[in-house]
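Below: one structure, written as structure tokens.
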Amino acid sequence: MLSYIMYMLFMIPLCFKKKSWWLFQNLMFIISVIYMMKVDSSCWSSLSYMFGYDYLSYGLILLSFWICVLMVLASSGILRYEFYKSYFMLMILLLLLMLYCTFCSLNVMSFYFFFEGSLLPTLFLIFGWGYQPERLQAGIYLLFYTLFASLPLLLGILYLNMKVDFLDITLLYNSNFTEIFLYLTMILAFLVKMPMFLFHLWLPKAHVEAPVSGSMILAGVLLKLGGYGLLRVYTFLMEVGTIYNLYWISISLIGGFLVSLMCMRQVDMKALIAYSSVAHMGLVIGGLMTLNSWGFYMTFVLMVAHGLCSSGLFCLANISYDRLGSRSLLINKGLLNLMPGLTLWWFLLCSCNVAAPPSLNLLGEIGLFNSMMGWMWLVMVFLALISFFSAVYTLYLYSYSQHGNYYSAMFSSVGGYCREYLLLILHWLPLNFLIMKGEFVLNWL
């Protein structure tokens, strides 16, 4: 485990070397591939110095490495305009380091510190490389929503330590706590991070104001911190969780339906994709709160699938923004005439967003539906509504942006760069080929 931390620490001086962008990107690719080859069939492996991983951590760390590589690939504008690129690479590296340590931590307290630490580089990405002046307000929203729920989490962890005298995640599997206040303090921070409906207002603001790299890491990995934390803490809050899960499932499913309706009145492409993330996370929370094995397994699958799919859609929105200078659907019309080569990628990633086969989203959503229907068949009504409106807003995004008369100020047909096609392929391939190794996700519990 420490070898990867050392690898990342030794890359920090490289950020400040002249003409090191491509070297940095290739070294990030190399660490992703090295980590990919480390898959282990045992329960907990690479245990050292309070770090270690099981399959759940492994999948999310690999997703973090992959999305961070693609962030560098997507941000060529920063290289082209020499826009503080050294500090940009440093922020990505620090964020990756924080995420790696978060997912690897075996101690709940160290997990908390790294969980909070990942907020700062994200904030600097939004403040430093965001688009409009409103990015300051978006950053403050992100900061205060997250910090509001995080102090109770710290108090909950300290209370936990007082009760059992240890904070090791691997040993807490045998514990069972029934205190309602401990339950609320331990899960609230993760629900805000996911985000659950009612706590979701920071997400669309942060996405719209963030640069493409900020949106990719927010959608790709930072929302998964909440799901990861919930999967870890529910191992010792199972009994009290079964009493109150009705409320969380109700809020998530009704919220998912309402957010799906809100998606259909968005005119900003990024805002639409951000709200669709909230709807998908509503399904994830609903499935997770059933507290059965189907729910736990498929939460993990849909988190990985959503990370790749949503990140890819943000890349597409950014490619259009680079060409037209706007993310408004009123201007991004008729892109089939303007950028015919990219229409296929819009279609492929939009179809993944509605869980069309053979994407990993399909496996995750079928499993979560199975989990929630087994818990109570009445939720079928909301599941049907969410599925239907998910297809509606994705079709709205695709048909509005690709068809119709294109904006009169645009005269020529422009293709994508090879870099952009590579970026989209690296999102789409793992999303559709991982479904062939579905047995991996059933090993981590």
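- Applying the ring pair (Phe, Tyr, Trp, His ring centres under 6.0 Å) rule to Phe236 yields the partners Phe177; only residues at least two apart in sequence or on another chain are considered.
- Relative ring orientation between Phe103 and Tyr228 is described as perpendicular, the plane-to-plane angle rising above 60° on a 0-90° scale split at 30° and 60°.
- Nearest heavy-atom pair across Cys104 and Ile61 is SG-CD1, 3.3 Å.
- Two residues are said to be in side-chain contact when any heavy atoms from C-beta on lie closer than 4.5 Å; Val301 and Leu368 fail this criterion.
- By the 4.5 Å heavy-atom criterion applied to side chains, Trp202 and Leu143 are not counted as neighbours.
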For a side-chain contact (heavy atoms from CB on, under 4.5 Å) check, start with the C-alpha distance between Leu225 and Met98, then their side-chain angles and the critical distance, and finish with the verdict. CA-CA 11 Å; Leu225 281 172; Met98 288 293 177; over 6 Å; no

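- Scanning all heavy atoms of the two residues, the minimum distance from Met8 to Leu93 falls at O-CD2, 3.5 Å.
- Heavy atoms only, all atoms of each residue included: Met194 and Met281 are closest at O-CG, 3.2 Å.
- Other residues, nucleotides and ligands contribute at most 12 non-hydrogen atoms within 6.0 Å of the CZ atom of Phe124.
- Taking the six-membered ring where tryptophan is involved, the planes of Phe190 and Phe115 are perpendicular, since the angle between them exceeds 60° and thus also 30°.
- Tyr112 meets the ring pair (Phe, Tyr, Trp, His ring centres under 6.0 Å) test with no other residue; sequence neighbours excluded.
- Applying the side-chain hydrogen bond (donor to acceptor under 3.5 Å, both in side chains) test to every pair with at least one member in residues 22-35, sequence neighbours left out, gives no pairs at all.
- By the 4.5 Å heavy-atom criterion applied to side chains, Tyr53 and Lys38 are counted as neighbours.
- Across all non-hydrogen atoms, the minimal contact from Glu116 to Ser150 is OE2-OG, 2.6 Å.
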Under 3.5 Å, which donor-acceptor pairs do the side chains of residues 312-322 form with other protein atoms, sequence neighbours left out?
unit_1	atom_1	unit_2	atom_2	d
Asn318	OD1	Tyr131	OH	3.2
Ser320	OG	Leu316	O	3.4

Got a list of side-chain donor-acceptor pairs under 3.5 Å for residues 247-259, not counting sequence neighbours?
unit_1	atom_1	unit_2	atom_2	d
Trp248	NE1	Tyr183	OH	2.9
Ser250	OG	Leu246	O	2.6
Ser252	OG	Trp248	O	2.9

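- Between Leu324 and Leu335, the closest heavy-atom pair is CD1-CD2, 4.0 Å.
- Heavy-atom neighbours of Tyr400 OH from other residues, nucleotides or ligands within 6.0 Å: at or below the threshold of 12.
- Of the possible polar contacts, one joining the Thr394 side chain to the Ser390 backbone as a donor-acceptor pair under 3.5 Å is found.
- Contact annotation: the side chain of Met71 approaches that of Leu125 to within less than 4.5 Å [non-hydrogen atoms, C-beta and beyond].
- Across every non-hydrogen atom of Ile217 and Cys68, the tightest pair is CD1-SG, 3.8 Å.
- Residue pairs meeting the side-chain hydrogen bond (donor to acceptor under 3.5 Å, both in side chains) criterion with at least one member in residues 420-439, sequence neighbours excluded: Ser311-His427, Arg323-Glu420, Lys437-Glu439.
- Every residue meeting the side chain to side chain contact (heavy atoms under 4.5 Å, CB included) condition with Phe199, not counting sequence neighbours, appears here in chain and number order: Leu188, Val192, Met196.
- For residues 262-271, every residue pair satisfying the side-chain hydrogen bond (donor to acceptor under 3.5 Å, both in side chains) rule, not counting sequence neighbours, is listed here: Ser215-Lys270, Asp268-Arg327.
- Within the 3.5 Å criterion, the main-chain N or O of Tyr398 finds a donor-acceptor partner in the side chain of Ser401.
- Side-chain contact between Met289 and Met372 is absent, with no heavy atoms from C-beta onward closer than 4.5 Å.
- Judged as a side-chain hydrogen bond (donor to acceptor under 3.5 Å, both in side chains), the pairs with a partner in residues 370-388 (not counting sequence neighbours) are, in order, Thr290-Ser371, Asn292-Ser371.
- Residues forming a side chain to side chain contact (heavy atoms under 4.5 Å, CB included) with Ser328 (at least two apart in sequence, or on another chain): Ser326, Leu330.
- The closest side-chain heavy-atom distance from Ser118 to Leu95 is below 4.5 Å.
- Residue Tyr173 qualifies as enclosed at atom OH: its count of foreign heavy atoms under 6.0 Å is above 12.
- Between Lys193 and Tyr145 the shortest side-chain heavy-atom distance does not fall below 4.5 Å.
- Every side chain to side chain contact (heavy atoms under 4.5 Å, CB included) that Val108 has, sequence neighbours left out, goes to Ile157, Leu167, Ile169, Leu172.
- Lys85 meets the salt bridge (charged side-chain N to carboxylate O under 4.0 Å, His left out) test with Glu82; sequence neighbours excluded.
- In this structure, Asn353 and His280 have side chains that are in contact, with non-hydrogen atoms separated by less than 4.5 Å.
- Using cut-offs of 30° and 60° for the angle between ring planes, the Tyr55 and Tyr58 rings count as perpendicular.
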Does the side-chain contact (heavy atoms from CB on, under 4.5 Å) test come out yes or no for Leu308 and Leu360, once each step is laid out? CA-CA 10 Å; Leu308 291 164; Leu360 201 57; 5.5 Å; no

Run the side-chain contact (heavy atoms from CB on, under 4.5 Å) test on Tyr417 and Ser76 for me, step by step, so that the C-alpha distance in whole Å, both residues' side-chain angles and the decisive distance to 0.1 Å come before the verdict. CA-CA 11 Å; Tyr417 299 122; Ser76 68; over 6 Å; no

